[in-house]
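Below: one structure, written as structure tokens.
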Amino acid sequence: MVRKAPDRRQGKFAIDVTVTNTVKPTQQYEQGGITWYHDGKPVFKLVHELIDGGLYIIPGRKPMPAESVQLRLIVTANSWTAQYRADDKSAFETAGTGPLPEPGDDQVSVQCYNGPPDAEHWIRFDDFRISKLAE
């Protein structure tokens with residue numbers, strides 16, 4: 001699902017989603033999370049991904065062995081901050097930051113991919129929301 005992103009000229013926004021692997025990932029690079037697009041092209045992703053047998057938050061390759069993880073992408077007119085936490089009781093940790101092109105045709109999506117072709121692996125997305133943050 002790809003949807004129009006908020007106009008970053010209007011302030012700072014958070015895109016939140018909880019990602020849950022309903023089956024333990026087994027396929028290299030099996031992942032689920034948020035992807036940001038600009039002018040129809042993916043710019044970056046914030047995902048929970050299986051790499052070399054371990055579960056990580058990308059970007060940053062931060063270890064996150066939990067079955068569920070809360071992801072938060074914060075965007076401003078010119079930057080992004082990727083955050084994560086295992087549950088709503090802990091503080092968000094930053095996985096990475098970076099620049100964004102000038103605001104324009106921005107889109108955001110939740111996606112999952114690289115699951116095994118011969119098994120049913122489901123990822124559940126909960127609590128998806130986009131909210132404007134205080135400056």
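- No side-chain heavy atom of T20 sits under 4.5 Å from any side-chain heavy atom of I123.
- Counting heavy atoms from C-beta outward, T81 and T94 have side chains that approach closer than 4.5 Å.
- A distance of 5.5 Å separates CD1 of I57 from CG of L71, quoted to the nearest 0.5 Å.
- Among residues at least two apart or in separate chains, there is no ring pair (Phe, Tyr, Trp, His ring centres under 6.0 Å) pair with a member in residues 110-135.
- Counting side-chain heavy-atom gaps under 4.5 Å among Ile, Leu, Val, Met, Phe, Trp and Tyr, F92 is found in no cluster with other residues.
- Both V19 and F44 belong to a common hydrophobic cluster when Ile, Leu, Val, Met, Phe, Trp and Tyr are linked at side-chain heavy-atom distances under 4.5 angstrom.
- Evaluation of the side-chain hydrogen bond (donor to acceptor under 3.5 Å, both in side chains) rule for R9 yields D7 as partners, not counting sequence neighbours.
- Residues W80 and L73 are in side-chain contact: their nearest non-hydrogen atoms beyond the backbone lie under 4.5 Å apart.
- Interatomic distance, K4 NZ to Q107 CD, rounded to the nearest 0.5 Å: 7.5 Å.
- Among all heavy-atom pairs drawn from G53 and Q28, the shortest one is N-OE1, 4.4 Å.
- A donor-acceptor pair under 3.5 Å is absent between the side-chain atoms of H48 and the main chain of G33, judged by distance alone.
- Taken together through direct or relayed side-chain contacts under 4.5 Å among Ile, Leu, Val, Met, Phe, Trp and Tyr, V17 and L46 form part of one hydrophobic cluster.
- Under the 4.5 Å side-chain criterion, counting only non-hydrogen atoms from C-beta, S109 is not in contact with I34.
- Shown here are the side-chain hydrogen bond (donor to acceptor under 3.5 Å, both in side chains) partners of D106, two or more places apart in sequence or in another chain: R8, H38.
- Rounded to the nearest 0.5 Å, atoms CD (Q31) and CG (L55) are 11.5 Å apart.
- A salt bridge (Lys or Arg N to Asp or Glu O under 4.0 Å) check over residues 71-84, counting only residues at least two apart or in different chains, returns the pairs D16-R72.
- Atom CG of D87 and atom CZ of R85 lie 7.5 Å apart (nearest 0.5 Å).
- Applying the side-chain hydrogen bond (donor to acceptor under 3.5 Å, both in side chains) criterion to S131, with sequence neighbours excluded, gives no partner residue.
- Nearest heavy-atom pair, P117 versus Q27, reported as atom, atom and distance to 0.1 Å: CD-OE1, 4.4 Å.
- Judged purely by atom type and a 3.5 angstrom limit, R3 has no side-chain atom pairing as donor or acceptor with the backbone of V108.
- Closest approach of A86 and A66 over heavy atoms only: CB-CB, 4.5 Å.
- For T35, the side-chain hydrogen bond (donor to acceptor under 3.5 Å, both in side chains) criterion is met by Q111, not counting sequence neighbours.
- Listed by first and then second residue, the salt bridge (Lys or Arg N to Asp or Glu O under 4.0 Å) pairs involving residues 111-128 are R124-D126 (not counting sequence neighbours).
- Considering only heavy atoms from C-beta on, I74 stays 4.5 Å or farther from F13 through its side chain.
- The side chain to side chain contact (heavy atoms under 4.5 Å, CB included) search around I58 returns K45, V47, E49, I51, Y56, R61, not counting sequence neighbours.
- Contacts of E93 classified as side chain to side chain contact (heavy atoms under 4.5 Å, CB included), with partners at least two apart in sequence or in another chain: Y84.
- Partners of D39 by side chain to side chain contact (heavy atoms under 4.5 Å, CB included), not counting sequence neighbours, listed by chain and number: D105.
- Residues satisfying the side chain to side chain contact (heavy atoms under 4.5 Å, CB included) criterion with S79, sequence neighbours excluded, are T76.
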